[in-house]
Amino acid sequence: MNNKLQIYNTLSRSKVLFEPIAPPHVGLYVCGPTVYGDAHLGHARSAIAFDIVFRYLMHLGYKVRYVRNITDVGHLENDADEGEDKVAVIARLEKLEPMEVVKYYTDRYHKDMDMLNVLHPSIEPTASGHIIEQIEVVKTILENGYAYEADGSVYFDVDKYNADYPYGKLSGRKVEELLQTTRELAGQKEKKNSFDFALWKKADDRHIMRWPSPWSDGFPGWHMECSAMSVKYLGDHFDIHGGGMDLLFPHHESEIAQSNAAHGHESVKYWMHNNMITIDGQKMGKSLNNFITLQEFFNGEHEALQQAYSPMTIRFFMLQAHYRSTLDFSNEALYAAEKGMAKLMQSQQLLHDLQASPRSSVDIKPYGERLYEAMNDDFNTPITIAHLFDLSKLINQVNDGKAQLSQEDIQTIQTWFKTFLFDILGLQEEAQGDNDQLVDDLMQTLLDLRQQAKANKDYATADSIREALGKLNIQIKDTKEGAKWSVS
RNA sequence: GGUACCGUGGCCGAGUGGCUAGGCGCUGGUCUGCAAAACCAUGUACAGCGGUUCGAAUCCGCUCGGUACCUCCA
């Protein structure tokens, strides 16, 4: 087991050596989507970033339990109907049962993630399925004196908590400063302080999603589900908790507070946060209404898109930037990713029929070491990809007779591609359409015709065949071994 | 206003003191009937100003510009 993995811990704002609490087991919890709309590029970022973490940890030999929740209870909607649940708002608009909305978008989310080749988490708990667990945590926090009840709702007493534990340690905030900056929000009158947050909220009459509790018919507070479910499945002290940077405050900060208040200690050893996707320099997000859904990327149907981009192009695009950097969306960048990935895939395929030499003209060992170094450096996928491009160049040079590789080295490189490109980065060759025998035979017929035309120097016919196929997105390449075709 | 972060060649994007990042694009060459692909060649980029240092894109200060969080958001 490789023990050189460095992870950037948001808590310490530095890279630290990853040392699991109970090796070989690793507990990984990631904040999943709120299922009230289609997944967009930002959701993909988070899912892919932690898919890489999951995949690499498994590759290193750890036994990982990966928990990613589905938020189906919804959090408070502050602007419009106060105290109303996000999922409930949509449900009423569409005249559907809330759970119908939840099911619909959960299914679509799963489908999108499958297309992006994101592995399924080990456990995918829903907030609505863990109301009892959440109530238990609220009870414990009340018993420990860090919360108070007001008119059927329960609030976390930040002031009281802050006397015993530093509130704001994750996000670098201070309670005194929060006092001056917090705005007027729903339920303000019931709170002792503006920065107190709800652990349990009483539902008003119109609120359809509600559950009984010792305090009122209502629903759990914003941050409760992750605290309750992470601990339930990973224990009250686990390794990694991840999520988007926009969840840092108040969501994750409050989770830390809830852990201390409930268990007397923090639950999370390493906090990881992925950065945002930007569009025109601005965060792509639900609230700004500037998002492009994954389905729109896949079919190209959005005014900002010049073409469709395949799921693997999206994935490759993401991985060419480090997960902690913002990544700016543009057609040019996506196009570059598409071309770059095709190049990698092609040289990887070339490996299979590469001419081996008695001995290699280069020492390939350093290439492999660099691949691991890159991944060990806080999952630096852009560097990993850069090294794969170096290998790609080497392969092409061998193919051109400008370098030599032994059979043994060719096999080693094949293993590296399988391990890093496919297993760890999770890329896959795009489906070549319905590639059945009939298509193969038809294509061979066409290529034979074109070859005959070429032999007769009837280039007009040869080119017209190529052009006609080009319009069907079929590319012809003349190689030493004859013409080859591929679907883009 | 508070907190955190960023500003790299045409585009995207690594890199935190000295060693070619990488991809895409552009241009020229090799190959090809022509293409495509590939290979070879090609860009003295680090917001500005000052400082530390033998040496800074990289450290420090200031200025300018931008973003995120402080409200649900991946």
Side-chain angles (χ1 to χ4, degrees), chain A residues 10 13 30-34 36-37 39-50 71 74-79 85-86 168 171-174 176-178 180-186 195 222 242-251 253 273-278 281-288 291 316-317 320-322 324-344 346-347 350 374 380-390 392-393 395-397 399-403 454 457 459 462-463 466-467 470 475-480 484 486:
Chain A
T10 310
R13 309 246 166 210
V30 173
C31 292
T34 305
Y36 68 116
H40 58 71
L41 204 56
H43 294 97
R45 181 116 205 237
S46 176
I48 290 171
F50 291 103
T71 298
H75 298 313
L76 295 174
E77 190 86 352
N78 284 293
D79 40 4
D85 195 286
K86 237 178 214 172
S171 57
R173 268 158 239 271
K174 294 192 170 63
E176 309 85 65
E177 287 161 358
L178 286 172
Q180 298 156 2
T181 56
T182 309
R183 300 187 200 177
E184 289 296 310
L185 296 173
F195 45 66
W222 315 351
M245 254 178 202
D246 47 358
L247 298 177
L248 225 153
F249 189 91
H251 188 57
E253 195 68 72
H273 291 94
N274 64 277
N275 215 135
M276 303 293 109
I277 298 283
T278 59
Q282 264 202 324
K283 171 185 164 183
M284 183 181 283
K286 200 91 185 158
S287 51
L288 288 164
F291 61 92
F316 190 77
F317 171 66
Q320 272 198 300
H322 187 86
R324 278 190 292 109
S325 301
T326 55
L327 174 59
D328 200 49
F329 153 82
S330 72
N331 280 284
E332 250 184 314
L334 244 6
Y335 176 75
E338 183 180 274
K339 300 283 280 186
M341 186 179 63
K343 184 178 182 174
L344 271 187
Q346 268 167 26
S347 49
L350 257 183
N380 199 325
T381 55
I383 295 289
T384 306
I385 289 172
H387 293 325
L388 289 173
F389 273 117
D390 289 341
S392 163
K393 186 166 190 166
I395 293 164
N396 288 327
Q397 282 173 334
N399 191 237
D400 273 22
K402 287 174 177 154
K454 280 175 69 177
K457 295 205 189 292
Y459 297 121
D463 289 349
R466 187 169 60 195
E467 278 166 31
Q475 278 74 48
I476 304 297
K477 285 180 209 160
D478 289 325
T479 70
K480 281 175 221 150
K484 290 187 174 172
S486 60

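Source: prediction; values computed, not measured. A, B, ... follow the sequence lines: proteins, then strands. Residue 1 opens every chain.
- In this structure, NZ of A/Lys174 is placed 13 Å from P of B/G2, rounded to the nearest angstrom.
- For the residue pair A/Asp328/A/Thr278, the side-chain donor-acceptor check at 3.5 Å is satisfied.
- Within the 3.5 Å criterion, the main-chain N or O of A/His40 finds a donor-acceptor partner in the side chain of A/His43.
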Under 4.0 Å protein heavy-atom contact, by nucleotide of nucleotides 37-48 of chain B - B base, S sugar-phosphate only: SBSS--------
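- For B/G18 and B/A57, the P atoms lie 10 Å apart once the distance is rounded to whole Å.
- Nearest to the side-chain atoms of A/His322 among the listed nucleotides B/G13, B/G22, B/A14 stands B/A14.
- Among the atoms of the strands shown, only primed sugar atoms or phosphate atoms (P, OP1, OP2) are found under 4.0 Å from some heavy atom of A/Ala333.
- Contacts of A/Leu388 with the nucleic acid, taken as non-hydrogen atoms under 4.0 Å apart, are absent.
- Atom CZ of A/Arg173 is separated from atom P of B/C70 by 7 Å (rounded to the nearest Å).
- A gap of 23 Å separates the P atoms of B/G61 and B/U67, to the nearest Å.
- Mapping A/Phe316 and A/His43 onto RNA chain B by nearest heavy atom places A/Phe316 at the nucleotide closer to the 5' end.
- Atoms CG and CG, on A/Asp246 and A/Asn275 in that order, are 9.0 Å from each other to the nearest 0.5 Å.
- For A/Pro382, whose side chain is taken as the heavy atoms from C-beta onward, the closest listed nucleotide among B/A4, B/A14, B/G22 is B/A14.
- Put simply, A/Phe389 does not rest on the base of B/G23: the two rings are not both less than 5.5 Å apart at their centres and under 30° in tilt.
- You'll find a donor-acceptor pair under 3.5 Å spanning the side chain of A/Arg466 and the base of B/A35, going by distance alone.
- Considering NZ of A/Lys393 and CG of A/Leu388, their distance stands at 15.0 Å, rounded to 0.5 Å.
- Within 4.0 Å of A/Ser347, counting heavy atoms only, lies no atom of the nucleic acid at all.
- Spacing between atom CG of A/Asn331 and atom C1' of B/G10 amounts to 16 Å, rounded to whole angstrom units.
- Rounding to the nearest 0.5 angstrom, the gap separating the CG atom in A/Leu248 from the NE2 atom in A/His251 is 10.5 Å.
- Under the 3.5 Å distance criterion, the side-chain polar atoms of A/Glu253 are matched with a main-chain donor or acceptor of A/Ser171.
- On the P atoms, B/G1 is 50 Å away from B/U42, given to the nearest whole Å.
- Atom pair A/His387:NE2 and B/A21:C1' shows a separation of 8 Å (rounding to whole Å applied).
- A donor-acceptor pair under 3.5 Å is formed between the side chain of A/Asn396 and the backbone N or O of A/Ser392.
- A/Asp478 contributes no side-chain N or O that forms a donor-acceptor pair with the base of B/G33 under 3.5 Å.
- For B/U32 and B/U58, the P atoms lie 49 Å apart once the distance is rounded to whole Å.
- At B/G15, one or more side-chain N or O atoms of A/Asn380 fall inside 4.0 Å of OP1 or OP2 (strictly under the cut-off).
- Comparing A/Met276 and A/Lys454 against RNA chain B, the residue whose closest nucleotide sits nearer the 5' end is A/Lys454.
- Remark: the separation of the C1' atoms in B/G65 and B/G43 is 26 Å, to the nearest Å.
- Under the 3.5 Å distance criterion, the side-chain polar atoms of A/Ser46 are left unmatched by any main-chain donor or acceptor of A/Gly42.
- Contact annotation: A/Ser325 side-chain N/O to B/A14 OP1/OP2 distance is under 4.0 Å.
- Taking atom C1' on both B/C11 and B/C49, the two are 28 Å apart, rounded to the nearest angstrom.
- Taking every side-chain heavy atom of A/Ile383 into account, B/A14 is the closest of B/C12, B/G33, B/A14.
- A/Tyr335 places its OH atom 18 Å from the P atom of B/G13, with the value rounded to the nearest Å.
- When the C1' atom of B/C12 is taken as reference, atom CD1 of A/Ile277 falls 12 Å away, rounded to whole Å.
- RNA chain B contains the following stems of three or more consecutive Watson-Crick or G-U pairs, with both distances under 3.5 Å: B:1-7 with B:64-70, B:10-12 with B:22-24, B:27-30 with B:38-41, B:47-51 with B:59-63.
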Step-by-step salt bridge (Lys or Arg N to Asp or Glu O under 4.0 Å) determination, A/Arg466 to A/Asp463: CA-CA 5 Å; A/Arg466 187 169 60 195; A/Asp463 289 349; 3.3 Å; yes
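- Between the side chain of A/Thr381 and the backbone N or O of A/Thr384 there is no donor-acceptor pair closer than 3.5 Å.
- Stacking of A/Lys283 on the aromatic ring of A/Phe291 is not recorded, the 6.0 Å distance cut-off and the 45° axial limit not both being met.
- Within the 4.0 angstrom heavy-atom criterion, only backbone atoms of the sugar-phosphate kind lie near A/Gly244; the bases stay farther away.
- Atom CG in A/Asn275 sits about 11 Å away from atom P in B/G13, given to the nearest Å.
- Separating the C1' atom of B/G25 from that of B/C12 is a span of 11 Å, rounded to the nearest Å.
- Not one N or O on the side chain of A/Arg324 forms a donor-acceptor pair closer than 3.5 Å with the backbone of A/His273.
- In this structure, A/Lys283 atom NZ and B/A68 atom P are separated by 8 Å, rounded to whole Å.
- Taking the P atoms as reference points, B/U52 lies 28 Å from B/G9, given to the whole Å.
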